[in-house]
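Let me begin by presenting the structure, written as C-alpha cells, before commenting on it.
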Amino acid sequence: MATVTETTSAPVVETTLNFYNPPADGSKPYNIVYELPEGTPTRNFGDKPFTVSVQDIRGREHEFSLDVNGFQFEKRFHEFNDWSNDDAIKSEYYPGVITAIKETTGAKEVVIFDHTLRTKNGSRNPVMVVHVDQTPWSAAERIRVHCPEKADELLKKRFQIINYWKPLTGPVQEFPLALGDAGNMNLDDVVEVEHRYKERTGETGSVRFNPEQKYYYLSGMNTDEEVFIKCYDSLEGVAKRTPHSAFADPTSPPNALPRESIEVRTLVFYD
Ligand code: OGA
Ligand code: FE
C-alpha cells in the first residue's frame with residue numbers, strides 16, 4: 001500500500017533511499033564509468049537502503065534557496081524541444097540555461113561542461129542512490145580541465161558548480177528527484193569516491209545515512225519548472241553541497257509515464 005501522510009502543512013511520502021555502504025575490506029571507494037569487460041565489477045562499495053520521509057514542498061517551494069538549502073525551484077519556459085539532437089541542445093538549449101543561471105544567481109559568467117539526458121529510450125536512467133556530484137577537489141579540477149588558461153585566477157574568487165535540472169515531459173509521474181537540505185547537512189556524512197573515467201579520474205560524494213538529514217521534492221514537476229542543484233560552492237557560510245537521489249514515489253499512478261529529464265552541469269563565477 002502507498003504510504004502517504006497528510007499533515008496540516010505538507011504531504012510526506014515514505015520511501016526508500018539508498019545510502020553509502022563501505023567496501024568490506026576498508027579500501028578507498030571507487031566507481032568506474034568507462035566500459036569494462038563483461039562481468040568486471042564497476043565499483044567496490046555498495047548501497048544500503050533506509051526508509052526516509054520525503055516532504056512534498058509543492059506550494060511553498062519558494063521558501064527554499066540555493067544559499068540556504070542548496071537547491072532552488074523556479075519557473076521558466078524554453079521553446080526548445082529537439083532533445084534527440086545533441087548539437088542543437090548545445091547551440092539552442094545551452095544559451096537559455098546560461099541566462100537562467102545568471103538571472104537566478106546574479107553570476108557574472110557561466111560555463112557549461114556537460115549534460116545528461118534521461119529518456120525512455122535512452123541509455124541513462126534516474127539515479128537511485130543518494131550522492132553529491134562533486135567534492136571540493138573535483139570542483140576545482142573541473143575548472144582546471146575546462147578553463148585551463150584562466151584557472152589560477154578563477155580559483156581565487158567565489159565559484160560554484162550548479163546543475164540545472166528540468167523535466168522534458170510532464171508532469172513527472174515517477175522517480176522524482178529528492179533533494180537533501182544542504183544547509184542542514186553534516187558534510188562528514190559525505191564520503192569521497194574516486195570516479196574513474198578512461199582519460200582521467202575525478203571524484204564524487206557518496207552519502208552516509210544520518211537521521212538528521214532532511215529530504216524534499218516537488219510533486220508533479222512540469223516542463224515549465226526547473227531546479228537548480230548546488231553541487232559545490234567555494235564560499236564558506238552558505239549551503240555548499242546538496243545530496244540528491246531519484247526515488248520510487250508510492251503515489252505514482254500504476255501506468256506512470258517514464259520520467260524524462262535533462263540536467264546541465266555548469267561552472268558558475270562571480271565578480
Ligand atoms: C543530477 C542527478 C539524477 C536523476 O542531476 O545530478 O544526479 O535521476 N540526476 O535525474
Ligand atoms: Fe547528481
Side-chain angles (χ1 to χ4, degrees), residues 9-13 54-83 88-112 114-120 126-127 133 160-183 214-231 233 238-239 242-247 249 251-253 256-270:
S9 51
V12 174
V13 296
V54 183
Q55 279 190 45
D56 180 8
I57 57 169
R58 169 73 58 197
R60 60 182 188 110
E61 60 269 32
H62 297 299
E63 295 171 16
F64 296 80
S65 68
L66 274 166
D67 279 350
V68 177
N69 314 96
F71 62 87
Q72 189 165 327
F73 288 92
E74 296 288 342
K75 258 179 127 81
R76 188 175 271 100
F77 181 74
H78 296 258
E79 285 293 340
F80 186 81
N81 58 16
D82 192 6
W83 301 113
I89 290 174
K90 289 180 179 151
S91 61
E92 293 167 40
Y93 182 61
Y94 276 16
V97 172
I98 292 173
T99 303
I101 291 177
K102 285 186 175 170
E103 282 178 0
T104 296
T105 63
K108 185 177 161 215
E109 201 188 335
V110 175
V111 175
I112 295 176
D114 188 14
H115 73 263
T116 303
L117 273 179
R118 305 183 193 275
T119 58
K120 60 174 180 284
V127 176
D133 287 23
Q160 301 167 319
I161 295 190
I162 292 178
N163 290 2
Y164 179 80
W165 193 103
K166 207 168 175 60
L168 304 185
T169 45
V172 170
Q173 293 186 332
E174 65 172 16
F175 301 123
L177 202 61
L179 296 142
D181 186 347
K214 291 194 165 53
Y215 289 91
Y216 300 96
Y217 83 116
L218 186 65
S219 62
M221 204 173 162
N222 220 327
T223 52
D224 64 346
E225 295 177 308
E226 63 202 3
V227 60
F228 299 82
I229 307 168
K230 199 195 278 180
C231 299
D233 197 326
V238 295
T242 307
H244 52 277
S245 174
F247 67 98
D249 182 349
T251 67
S252 289
L257 296 172
R259 186 249 281 177
E260 299 191 291
S261 60
I262 183 168
E263 72 234 30
V264 179
R265 298 188 164 74
T266 73
L267 307 174
V268 181
F269 301 105
Y270 294 82

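Note that the coordinates shown come from a computational prediction; the quantities given were computed from them, not determined experimentally.
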Checklist entry - Is a donor on one side and an acceptor on the other found under 3.5 Å between the side chain of D56 and the backbone of R58? => result yes
Checklist entry - Does any non-hydrogen side-chain atom of I57 lie less than 4.5 Å from one of E63? => result no
Next on the checklist: Using only atom types and a distance under 3.5 Å, with no angle test, would you say the side chain of Q72 pairs donor to acceptor with the backbone of L66?
Outcome noted: yes
Next on the checklist: Quick one, K75 and E61 - any side-chain contact, counting heavy atoms below 4.5 Å?
Outcome noted: no
Checklist entry - Taking only residues two or more places apart in sequence or in another chain, which ones pass salt bridge (Lys or Arg N to Asp or Glu O under 4.0 Å) with R265? => result D114, D133, E263
Item to check | Validation row: D233, D67 side chains within 4.5 angstrom (heavy atoms) | outcome: yes
Checklist entry - Which atom names give the shortest non-hydrogen contact between A182 and G70, and what distance separates them? => result CB-CA, 4.2 Å
May I have the list of side-chain donor-acceptor pairs in residues 167-180 shorter than 3.5 Å, sequence neighbours left out?
residue : atom : partner : partner atom : Å
T169    : OG1  : E260    : OE1          : 3.1
Q173    : OE1  : L257    : N            : 2.8

Next on the checklist: I need the F77 CZ to N222 CG distance, nearest 0.5 Å.
Outcome noted: 10.5 Å
Checklist entry - For residues Q160 and Y270, is any side-chain donor paired with an opposing acceptor at under 3.5 Å? => result yes
Next on the checklist: Once rounded to the nearest 0.5 Å, what's the spacing between atom CD of E79 and atom OH of Y93?
Outcome noted: 13.0 Å
Checklist entry - Taking atom types as modelled, is there a side-chain donor on S261 or R259 under 3.5 Å from an acceptor on the other? => result yes
Next on the checklist: Are F80 and I89 packed together at the side-chain level, in the sense that at least one heavy-atom pair is separated by less than 4.5 angstrom?
Outcome noted: yes
Checklist entry - Do Y215 and F247 have ring centres separated by under 6.0 Å? => result no
Checklist entry - Is there a side-chain contact between E225 and L218 (heavy atoms, below 4.5 Å)? => result yes
Checklist outcome for this item: In this structure, NE2 of H244 is separated from CD1 of I229 (nearest 0.5 Å) by 5.0 Å
Checklist entry - Are F64 and F73 an aromatic pair by the rule of ring centers under 6.0 Å? => result no
Next on the checklist: If you define the side chain from C-beta out and look only at heavy atoms, does anything of I112 sit under 4.5 Å from Y164?
Outcome noted: no
Checklist entry - Below 4.5 Å, heavy atoms only, C-beta onward: do E103 and E74 meet side chain to side chain? => result no
Checklist entry - Rounded to the nearest 0.5 Å, how far apart are CD1 of I262 and CZ of R118? => result 10.5 Å
Next on the checklist: side-chain contact (heavy atoms from CB on, under 4.5 Å) for L267 and E109? Distances and angles first, verdict last.
Outcome noted: CA-CA 8 Å; L267 307 174; E109 201 188 335; over 6 Å; no
Item to check | Spatial distance of atom OG1 (T104) from atom CZ (R76) [nearest 0.5 Å] | outcome: 4.5 Å
Checklist entry - Taking D249 for the side chain and T251 for the main chain, is one N or O donor matched with an acceptor at less than 3.5 Å? => result yes
Next on the checklist: Assess the residue pair V97 and H115 against the criterion (side-chain contact (heavy atoms from CB on, under 4.5 Å)); give the C-alpha distance rounded to whole Å, side-chain angles, the decisive distance to 0.1 Å, and a yes or no.
Outcome noted: CA-CA 11 Å; V97 172; H115 73 263; over 6 Å; no
